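Have a look at the structure below, then the notes.
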Amino acid sequence: LRFKVSDINLVCKNTILVSYPKSGRTWLRMMLAKILKDTGIDTDKNEMILCTHKNCNDIYKDYGKEKRIVLLIRDPGDVIVSQFHELKVSKPWQLAAPNTTISQFIRGGRLEKINKRPDASGIPLDKSGQRRHGINSVIDWMGEWFADLKNIKEHKIITYEEMKKDTFSVLKEVVEFVGYECDNKHIRAAVEYGSFSNMKKIEEESPAKLNDVVDFKHKFKKHGNKENPNLLRKYKGNFGKSKQATRVRRGKVRGYLDELSESDIAYINDSKKYLLHLPLKLILRGAKY
């Protein structure tokens, strides 16, 4: 079941949130949407900032060079494992072959020949204009962004790991950087709304999963005696719009270490050595990718 995405107005038009798929973007968007809602903004028609997986050159081309950037990153090992599990459930045709194993997926391969819908995967393009999967694709994307940040006057890097450790502080930093005014009580309410348990509940009990109906204007009907709690229901993306709950899986930092074989872990850790442009500010804050 697919839902039409309404035209969404951006409340803060000069800032863009950039991330590689499965880095925690949905989580952050949920919390930002909660802040909008609690400050009187209709989240069916508005989103706080533009969110994209594009590289720096494409952002320049599509939106100009004056945008402020929030770059959200996550340990590449966790990104690629999370991506595999989502594609396996929701978009198996985008794996290199029907029986692709996680070991094969981690090591990468071209997606272009098997992806008949070029924009369906959400996986960014590489420099040759093709989509890849694999740990090295994630690392290349991150490395290019780290190198390009020196050309962006105003930017902020946040990490999934920091968000897990101190969600309130990171969310407050993002909101202040964006320039949206709200009180600490709004931040706290957003953190609670975006908790793993609440997001899991929202996804698993979504009208789409429960075969609830949608009227001809694409507005969710009430679920029981409560309105549908998914504040991303009108946004571009799949959260709460599929019968399969795939967006909220584990949410664990470095969870790949207890999911993979020793050889797969070794391959990921060896690949991460090529992440050459890790900014000093991240190293000082404890990032150990």
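Computation of the quantities below employed the complete heavy-atom set of this structure, encompassing side-chain atoms and omitting hydrogens, waters and symmetry-equivalent molecules. Since we're looking at a predicted model, the values are computed, not measured.
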Handout entry: Common cluster, Ile157/Ile283, ILVMFWY with side-chain heavy-atom separation under 4.5 Å
Key = yes
Exercise for the section: Find the distance between NE2 (His53) and CG (Asp58) and round it off to the nearest 0.5 Å. Expected result: 13.5 Å
Handout entry: Residue pair Met142 / Leu278, side-chain heavy-atom distance below 4.5 Å
Key = no
Completion exercise
All heavy atoms of Lys67 vs all of Ile152, minimum pair found to be O-CG2, 4.1 Å
Exercise for the section: Could you list all the salt bridge (Lys or Arg N to Asp or Glu O under 4.0 Å) pairs where at least one residue sits in residues 280-289, not counting sequence neighbours? Expected result: Glu162-Arg285
Handout entry: Gap separating the NZ atom of Lys234 from the CD atom of Glu47, nearest 0.5 angstrom
Key = 14.0 Å
Problem - Beyond-backbone contact of Val178 with Met48, side-chain heavy atoms, under 4.5 angstrom - result: yes
Problem - Criterion side-chain contact (heavy atoms from CB on, under 4.5 Å) on Leu260 and Ile268, from CA distance to verdict - result: CA-CA 10 Å; Leu260 302 178; Ile268 286 176; 3.5 Å; yes
Fill in the blank from the handout: In this structure, CG of Leu36 is separated from CE of Met31 (nearest 0.5 Å) by 13.0 Å
Handout entry: Carboxylate-amine/guanidinium proximity below 4.0 Å for Asp264 and Arg107
Key = yes
Problem - Heavy-atom donor-acceptor pair, Ser23 side chain to Ser19 backbone, under 3.5 Å - result: no
Problem - Straight-line distance of Ile49 CD1 to Lys13 NZ, nearest 0.5 Å - result: 14.5 Å
Problem - Tyr256 side-chain N/O to Ile80 backbone N/O, donor-acceptor pair under 3.5 Å - result: no
Fill in the blank from the handout: Heavy-atom nearest pair, Pro76 first then Ile135, reads O-CD1, 3.2 Å
Practice task
Could you tell me whether the side chain of Lys272 reaches within less than 4.5 Å of the side chain of Asn269, counting heavy atoms only?
Solution key: yes
Handout entry: Side chain to side chain, His85 and Glu259, heavy atoms closer than 4.5 Å
Key = yes
Practice task
Please determine, by modelled atom types, if Ser103 and Thr101 share a side-chain donor-acceptor pair under 3.5 angstrom.
Solution key: no
Exercise for the section: Determine, for Phe177 and Arg68, whether the Lys NZ or Arg CZ falls below 6.0 Å from the six-membered ring centre while staying within 45 degrees of the axis. Expected result: yes
Problem - Euclidean distance, Gln83 CD relative to Tyr20 OH, rounded to 0.5 Å - result: 5.0 Å
Exercise for the section: Kindly determine whether Asp44 and Arg233 satisfy side-chain contact (heavy atoms from CB on, under 4.5 Å), including the steps that lead there. Expected result: CA-CA 7 Å; Asp44 280 352; Arg233 57 183 174 259; 3.1 Å; yes
Problem - Heavy-atom closest pair, residues Val18 and Lys54 - result: CG1-O, 3.5 Å
Handout entry: Heavy-atom closest pair, residues Lys37 and Thr43
Key = N-CG2, 3.9 Å
Exercise for the section: Give a yes or no on whether Tyr267 and Tyr274 share a hydrophobic cluster (residues Ile, Leu, Val, Met, Phe, Trp, Tyr; joining criterion: side-chain heavy atoms under 4.5 Å apart). Expected result: no
Practice task
Answer yes when Asp75 and Arg254 have at least one side-chain N-carboxylate O distance shorter than 4.0 Å, and no when they do not.
Solution key: yes
Practice task
Report the residues that fulfil side-chain hydrogen bond (donor to acceptor under 3.5 Å, both in side chains) with Tyr289, sequence neighbours left out, ordered by chain and then residue number.
Solution key: Glu161
Practice task
Give a yes or no answer on whether the side chain of Asp183 reaches the backbone of Lys185 with a donor-acceptor pair at less than 3.5 Å.
Solution key: no
Practice task
Please say whether more than 12 non-hydrogen atoms of neighbouring residues, nucleotides or ligands are located less than 6.0 Å from CD in Glu192.
Solution key: no
Exercise for the section: Return yes if some donor-acceptor pair links the side-chain N/O of Asn9 with the main-chain N/O of Asn46 below 3.5 Å, else return no. Expected result: no
Problem - Candidate pair Glu176 and Lys172, rule salt bridge (Lys or Arg N to Asp or Glu O under 4.0 Å), full reasoning - result: CA-CA 6 Å; Glu176 291 177 347; Lys172 184 177 176 66; 3.4 Å; yes
Handout entry: Candidate pair Leu17 and Thr52, rule side-chain contact (heavy atoms from CB on, under 4.5 Å), full reasoning
Key = CA-CA 6 Å; Leu17 170 65; Thr52 181; over 6 Å; no
Problem - Any donor-acceptor N or O pair under 3.5 Å, side chains His186, Glu181 - result: no
Practice task
Check Trp145 against Ile59 and note the closest heavy-atom contact, atom names and distance.
Solution key: CZ2-CD1, 3.6 Å
Exercise for the section: Report the distance from atom CG of Asn230 to atom CD of Glu203, rounding to the nearest 0.5 Å. Expected result: 9.0 Å
Exercise for the section: Mind running side-chain contact (heavy atoms from CB on, under 4.5 Å) on Ile73 and Leu71 for me, showing each step along the way? Expected result: CA-CA 6 Å; Ile73 62 170; Leu71 180 63; 3.9 Å; yes
Problem - Within-4.5 Å side-chain heavy-atom neighbours: Ile69 and Thr15 - result: no
Completion exercise
Heavy-atom nearest pair, Gly24 first then Leu72, reads C-CD2, 3.6 Å
Exercise for the section: For residues Arg29 and Cys51, determine if any side-chain heavy atom of one lies less than 4.5 Å from a side-chain heavy atom of the other. Expected result: yes
Handout entry: Salt bridge Lys252-Asp78, side-chain N to carboxylate O under 4.0 Å
Key = no
Handout entry: Proximity of Tyr160 and Trp27 rings by center, below 6.0 Å
Key = yes
Practice task
Can you establish whether the number of heavy atoms outside Lys153 located under 6.0 Å from its atom NZ is more than 12?
Solution key: no
Handout entry: Name of the residue among Leu32, Ile41, Thr39, Ile35 meeting side chain to side chain contact (heavy atoms under 4.5 Å, CB included) with Val11
Key = Ile41
Problem - Ile202 side chain reached by Tyr193 side chain, heavy atoms, under 4.5 Å - result: yes
Handout entry: Validation row: Met163, Leu28 side chains within 4.5 angstrom (heavy atoms)
Key = yes
